[in-house]
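Treat the numbers as computed from the prediction; the structure is a model and nothing was measured.
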Amino acid sequence: MSDTAPIAADTAVPPPAKPKKEEDSLVVFLLKLIVVVLLFRTLIFSSFSIPSESMMPRLLEGDYLFAAKWPYGYSQASMPFDLPLVSGRVPAGMPERGDVAVFKHPVDRVDYIKRVIGLPGDQVQMVNGVLHLNGDPVRKERAGTLIVTLREGGRCAEPQFQQDGPDGAPTCNYPRFRETLPNGVTYEVLDFGLRQADTTQPVIVPADHLFMMGDNRDNSLDSRFPAVPGQGVGLVPVENVVGRASFVFFSTDGTAEWLKPWTWVTAARWSRIGRGI
C-alpha cells in the first residue's frame with residue numbers, strides 16, 4: 001500500500017483585478033454625457049434665446065425656448081454647429097402656415113426666428129398694413145393693448161406709445177391685433193400704424209422657399225426686405241429651417257446681475273415659463 005498522497009490540482013488564486021480609478025469613471029461618464037447631449041441637440045430639441053422685440057407680443061426679449069427638430073425633418077441647419085452632415089432635408093418636410101420657426105439667415109447663417117406666412121407657390125403682399133395671401137386679405141381684428149413695463153433707461157419703439165402706469169412706472173402701450181390665416185391658425189401681431197413696409201409688391205414664393213414675417217410688423221426685418229446680414233432675411237430656403245419653436249423654458253426681464261445671485265430669481269418672468277408657442 002503506497003503512502004504517497006495524491007498530488008493536488010493547481011489551485012493558485014489569480015491576482016485581484018486592479019480597482020478602477022475614479023478618474024477613469026469620470027471620463028467615461030463625461031463621454032457618455034457628451035454623446036447624449038449631442039443626440040438630444042441633433043434629433044430632438046435645440047435651445048434659443050430671443051434677442052429682440054420682432055416677435056412680440058408672443059415672444060419677448062429675454063425668452064429662452066426649445067425648438068423641436070423632428071417635425072420638418074433634418075438638414076445641415078438642424079445639425080449642431082451647422083455641420084454639413086446632411087444634404088437637403090431628410091426626410092423631406094415642410095412647415096405649415098402660422099408655424100413659428102427658427103432658421104439660418106440665407107447669407108451669414110445666423111439664427112433667426114419668425115412666423116411662416118407664405119409657402120411655395122403662395123402670393124404674399126401687404127396692402128395698407130393688411131396681409132394678403134393669394135389675393136385675399138387675411139382677417140385682422142383689434143385685440144386690445146400690449147403693456148410692457150420699461151426697464152431703467154429703456155424706451156418704447158416710438159415715443160407716442162409711452163405712458164405712465166398706475167404706479168407711475170413708465171410703460172409702452174402697443175396696439176394688438178389678431179390675424180387668422182386661411183388654414184385657421186390665429187395669433188396676435190403688433191401694428192404701430194402705416195409704415196413703408198406696410199405696402200409691398202406681390203411676391204410669388206418660389207419652390208423650396210418660405211416667406212417669413214415677425215409678429216411685431218413694424219419692427220421686424222423679415223422676408224419683406226432683401227437678404228442682407230444683420231438686416232432682412234429675404235425668401236428663406238426650406239433647408240435653412242432649424243426647427244419649430246415649441247415652448248419657453250425660461251424668461252428673464254434682463255435685470256439680473258451675475259454678482260448678485262438673488263437677482264437671478266427676481267428677474268425671472270415665472271408666468272412665461274412653460275408657455276407653448
Side-chain angles (χ1 to χ4, degrees), residues 48-65 100 105 110-115 117 124-132 137-180 186-201 211-234 245 248 250-257 263 266-272 275 277:
F48 299 90
S49 62
I50 303 300
S52 72
E53 299 180 346
S54 70
M55 284 299 292
M56 290 200 315
R58 188 63 198 89
L59 294 171
L60 303 181
E61 185 176 359
D63 283 348
Y64 291 78
L65 59 89
V100 176
H105 191 284
V110 170
D111 290 330
Y112 277 68
I113 182 167
K114 305 288 182 190
R115 191 177 296 277
I117 295 298
V124 183
Q125 184 180 17
M126 292 293 291
V127 180
N128 294 326
V130 177
L131 173 64
H132 284 60
V138 169
R139 191 170 72 197
K140 180 180 179 182
E141 304 165 303
R142 184 64 193 261
T145 303
L146 174 69
I147 301 176
V148 180
T149 302
L150 280 174
R151 292 181 296 195
E152 185 177 352
R155 59 181 182 178
C156 301
E158 296 182 13
Q160 69 267 29
F161 298 118
Q162 184 167 330
Q163 299 179 19
D164 289 336
D167 58 356
T171 62
C172 300
N173 295 256
Y174 297 130
R176 293 190 307 180
F177 296 83
R178 178 165 293 280
E179 283 186 352
T180 304
T186 184
Y187 50 88
E188 290 187 351
V189 300
L190 300 185
D191 189 343
F192 302 158
L194 289 180
R195 303 292 187 273
Q196 184 178 357
D198 282 332
T199 296
T200 63
Q201 294 297 315
F211 195 102
M212 314 291 290
M213 294 183 71
D215 291 346
N216 190 348
R217 290 293 163 76
D218 296 313
N219 192 11
S220 175
L221 294 170
D222 45 41
S223 292
R224 292 171 290 177
F225 302 89
V228 177
Q231 300 184 36
V233 302
V248 175
F250 187 68
S251 184
T252 175
D253 64 12
T255 60
E257 299 180 39
T263 64
T266 58
R269 295 185 288 226
W270 299 103
S271 64
R272 298 189 60 77
R275 294 182 66 178
I277 299 169

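Shown here are the side chain to side chain contact (heavy atoms under 4.5 Å, CB included) partners of Arg275, two or more places apart in sequence or in another chain: Arg58, Arg272. Not counting sequence neighbours, the partners of Thr186 by the side-chain hydrogen bond (donor to acceptor under 3.5 Å, both in side chains) test are Arg178, Thr180. In this view, Thr200 and Gln125, Met126, Arg224 satisfy the side chain to side chain contact (heavy atoms under 4.5 Å, CB included) rule, not counting sequence neighbours. Applying the side chain to side chain contact (heavy atoms under 4.5 Å, CB included) rule to Arg195 yields the partners Glu158, Gln160, Phe192, Asp198, Asp218; only residues at least two apart in sequence or on another chain are considered. Residues passing the side-chain hydrogen bond (donor to acceptor under 3.5 Å, both in side chains) test with Ser223: none are found, sequence neighbours excluded. By the salt bridge (Lys or Arg N to Asp or Glu O under 4.0 Å) test, Asp253 is found to be paired with no residue, residues two or more places apart in sequence or in another chain being considered. In this structure, the side chain to side chain contact (heavy atoms under 4.5 Å, CB included) partners of Thr199, at least two apart in sequence or on a different chain, are Asn128. Residues forming a side-chain hydrogen bond (donor to acceptor under 3.5 Å, both in side chains) with Ser52 (at least two apart in sequence, or on another chain): Ser54. Residues passing the side-chain hydrogen bond (donor to acceptor under 3.5 Å, both in side chains) test with Asn216, sequence neighbours excluded: none.
Contact between Leu194 and Gly129 at its shortest, heavy atoms only, is CD2-N, 3.9 Å. Nearest heavy-atom pair across Ala245 and Leu65 is CB-CD1, 4.3 Å. When all heavy atoms of Ser220 and Phe225 are compared, the pair lying nearest together is O-CE1, 3.5 Å.
Atom OG of residue Ser49 and atom CZ of residue Phe250 lie 12.0 Å apart, to the nearest 0.5 angstrom.
Here the side chains of Phe48 and Asp111 are in contact, with some heavy-atom distance below 4.5 Å. Residues Leu60 and Ile50 fail the side-chain proximity criterion, which asks for heavy atoms closer than 4.5 Å. Contact check for Pro175 versus Asp191: no side-chain heavy atoms found under the 4.5 Å cut-off. Counting heavy atoms from C-beta on, the side chains of Met213 and Lys114 never come closer than 4.5 Å. Counting only heavy atoms from C-beta outward, the side chains of Arg115 and Asp215 approach each other to under 4.5 Å.
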Would you mind writing out the side-chain donor-acceptor pairs for residues 161-171 within the sub-3.5 Å range, not counting sequence neighbours?
{"from": "Asp167", "atom 1": "OD1", "to": "Ala169", "atom 2": "N", "distance (Å)": "3.0"}
{"from": "Thr171", "atom 1": "OG1", "to": "Gln163", "atom 2": "O", "distance (Å)": "3.1"}
{"from": "Thr171", "atom 1": "OG1", "to": "Asn173", "atom 2": "ND2", "distance (Å)": "3.0"}

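Under a 3.5 Å cut-off, the side chain of Arg142 and the backbone N or O of Gly144 do form a donor-acceptor pair.
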